[in-house]
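Shown next, in structure tokens, is the structure this report addresses.
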Amino acid sequence: MYFLKRILGMVPLLLIISFLAFSLIRMAPGGPFDRERKPASPEIERNLAAKYHLDKPVWKQYLIYLGDLAKGDLGPSLKYRNHSVNDIIKQGLPVSLMLGGFAFCFAMGVGIPLGFYTAIRRGQWGDYIGSFFALLAFCIPAFVVGPLLIMFFSMKWKIFPVALWETPLHFILPTVALGLYFSGRIARLMREGMSNTLHSEFITTARAKGLSEAAILWKHAFRIAVLPVVSYSGPLLADLLTGSFVVENIFRIPGIGVFMVNSTLNRDYTMVVGLVLLYAVLLLALNLLVDFSYSLLDRRVRYE
Amino acid sequence: MSDRVATPAESTLPNPPARKTAEHLSPNQRAWMRFKKNKPAVIGGWIVIAVVFLAIVWPLFSNPKLASHLPEAMTYGQGTVTDAQFQPPSSAHWFGTDIHGRDLLSRLFHGARISLLVGAVGATVSLIIGVLWGAIAGYVGGRTDSLMMRFVDILYSLPSIIFVIVLFTVFETKLKTRLNGFQSFLEETFKFTFETPLSSQAPMFFLFIGLGAVSWLTMARIVRGQVLSLRGRNFVEASRALGASHARVLFKHILPNVYGIIIVYLTLTVPAIILYESFLSYLGLGIQPPQASWGSLIAEGAQQINPIRIYWWLLVFPGGMLVTTLLALNFVGDGLRDAFDPRGTR
């Protein structure tokens, strides 16, 4: 019941978000047809504007857009005019999903063990070194890692291909470049969650009962300590799945992230709104999923 | 906190030395003492101070007569295809030279000025917006609160890059005309001319405001939560009963209790904004050449990647400097957070 209410509550939020994006992008000076062959005659421009309803007031345009949206149609791309926004998303999203999924696994696979280890070694050398690397990963942006990886692993040592997205060998460098920052972030969240949990009373109780240290750490503490990571993983996944512009740009990966920036720069109105909606739907859905998994992990959490 | 050991002998002394002990210190002073014990944070602080100092001082000495580290271009014979302008690090050019034969070390310190300035000013802008928004929402409460926080939620689910690009293009032209007007006003009143037109600084002014304008959301959420929990306390009611106005209660009584956490998030916002600026400059949206920031220098290095010659210094040094500064700032931020939040769990 609670979750049904949440899903219904998403609809007005999505409407507001789409309207904001819709009017925001139209506020930027210039239009989608500025870079066409010039000088286009005024009639051509008028016809183009009429075809895409750009000559009507914004609220009317938005209503037309909503009508199409109800049929599941995100409209035609104004820049790539032989393709609809649906087509472009259909083409790019699987690639971005794959890259994002790999990067997510990498970030979790590195971050959780690292955070766990530094938390149980708190105040020892293992903690200092591990935490330093976690913070280091957190401070290296993808646009530094990516070119460095290419320079050394592809150009100098020729181990991995430079770019593109074809064989598994192509997947490795982009995955690392995209996931590294998030692995540091997750390690820090995990460490904090774990050290907070290890100080809570039910752990003392478990110790008093004489449980083995391994049972305490894995069966009792881990479930609760991982909660901050779980709640962060919602927005993280939404970010990763809609693609990272930088990584897709550096490695020339035909994903959806490239469109996010380029279509804003090109004033490809429909494309921008479509992508914003995609991102918002993913974000809201994943947050919902996170809240749901909360109640599974922590029995103290109950939703009415 | 129990590091005060009162011996009986001490208490019987006629004039106890006026030594400040933990009990005499305000919470902020105690936090500062804890911070000073945190070695990584103190080292980070010194690194930040060193980078800021060098960024201010170094460009002052980049004078042809004074130093061999020139940020200006060298010229080579026309029509020759050469990569002689790319010099690897040497004693003359410690960090090597870039595509125009400019000394990379000097370019880095010039860039540091912009990166650090954008980080500091952007963080201040986000501080002002975030604190005001969060404090008002939390203090007024009720429907206003939920409306204001819903707005924050909505902005959270808009990809900020779209927001930044739209803001940038909307305000760029307006800002340029304003700056031109301001420049001619200054020139007429003070009878002097600018070497470079002020409007060429427009992207930088935009970065100040634009990055602050998209980075205040977390601050607003945190401040709102704190104010909400303080609002119902007795001292607030007491000062209201004594006739203090709402503004006075909010700014004189509630916000001082939130300073600690505000400072912590401020130090964590600075690296985030520096990172965002580098990202925008990397995309070519931020700082325009010949000006440089760390992000644009990294982008220049990334453009020179080719399979024949590897100019590693063009990437390693700008990247290294950015990462070092971000690390240092984060260490300071973490240290401050631990100092202000002594639950003893970390």
Side-chain angles (χ1 to χ4, degrees), chain A residues 13-14 16-17 20-21 24-30 122 128 131-132 135-136 138-148 150-152 154-156 158 162 181 188 191-192 195-200 235 238-239 242 245-246 249-250 260-261 263-265 267 272 275-276 279-280 283-284 287, chain B residues 40 150-151 153-159 161-170 172-174 271 275-276 278-279 281-285 294-295 298-299 301-312 314-316 318-320 322-331 334 343-346:
Chain A
L13 208 59
L14 285 177
I16 297 173
I17 289 168
L20 261 181
L24 205 66
I25 187 68
R26 278 166 173 76
M27 269 165 58
R122 201 162 60 85
Y128 293 136
S131 297
F132 178 78
L135 192 61
L136 187 67
F138 180 69
C139 288
I140 304 184
F143 57 84
V144 175
V145 186
L148 278 177
I150 292 180
M151 189 184 267
F152 289 105
S154 313
M155 300 283 182
K156 199 160 186 186
K158 304 199 191 318
V162 177
Y181 167 84
R188 283 158 63 79
R191 176 174 183 271
E192 210 167 309
S195 14
N196 283 339
T197 314
L198 285 179
H199 279 81
S200 53
D239 263 345
T242 44
F245 172 79
V246 172
N249 187 33
I250 291 172
M260 190 75 100
V261 174
S263 53
T264 315
L265 291 174
R267 309 280 184 277
V272 171
L275 288 176
V276 167
Y279 175 78
L283 185 71
L284 293 175
N287 274 337
Chain B
R150 250 334 70 81
F151 183 71
D153 290 345
I154 289 170
L155 285 190
Y156 251 117
S157 33
L158 269 178
I161 182 73
I162 289 177
F163 210 61
V164 167
I165 292 175
V166 172
L167 270 180
F168 188 74
T169 46
V170 168
E172 200 189 14
T173 38
K174 284 185 190 167
L275 201 58
Y276 210 125
S278 318
F279 170 62
S281 296
Y282 177 84
L283 296 184
L285 286 171
W294 289 337
I298 291 167
Q303 276 164 15
Q304 299 305 327
I305 291 183
N306 65 70
I308 303 158
R309 286 263 165 75
I310 291 172
Y311 310 118
W312 55 270
L314 290 182
L315 255 175
V316 170
L322 175 70
V323 171
T324 309
T325 311
L326 292 179
L327 254 179
L329 279 167
N330 273 303
F331 268 123
D334 279 1
R343 277 176 299 165
T345 54
R346 286 176 211 108

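Protein chains get the first letters and strands the later ones, always in sequence-line order, with residue 1 at the start of each.
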Side chains of [X] and [Y] in contact at under 4.5 Å (non-hydrogen atoms):
| X | Y | result |
| --- | --- | --- |
| A/F143 | A/N249 | no |
| A/L20 | B/I154 | yes |
| B/P318 | B/W294 | no |
| A/Y181 | A/V145 | no |

Using non-hydrogen atoms only, which part of [X] is less than 4.5 Å away from chain B: side chain, backbone, both, or neither?
| X | answer |
| --- | --- |
| A/L136 | both |
| A/L148 | both |
| A/Y128 | neither |

How long is the straight-line distance from CG of A/L135 back to CG of B/L326, given to the nearest 0.5 Å? 9.5 Å
Rounding to 0.5 Å, atoms CD1 (A/I17) and CG (A/L284) come to a distance of 5.5 Å
Using heavy-atom distances under 4.5 Å, tell me whether [X] contacts chain A through its side chain, its backbone, both, or neither.
| X | value |
| --- | --- |
| B/I298 | side chain |
| B/L322 | side chain |
| B/D334 | side chain |
| B/S278 | both |

Quick check for you: among A/A280, A/A142, A/A21, A/P141, which has the greatest number of heavy-atom pairs under 4.5 Å with chain B? A/P141
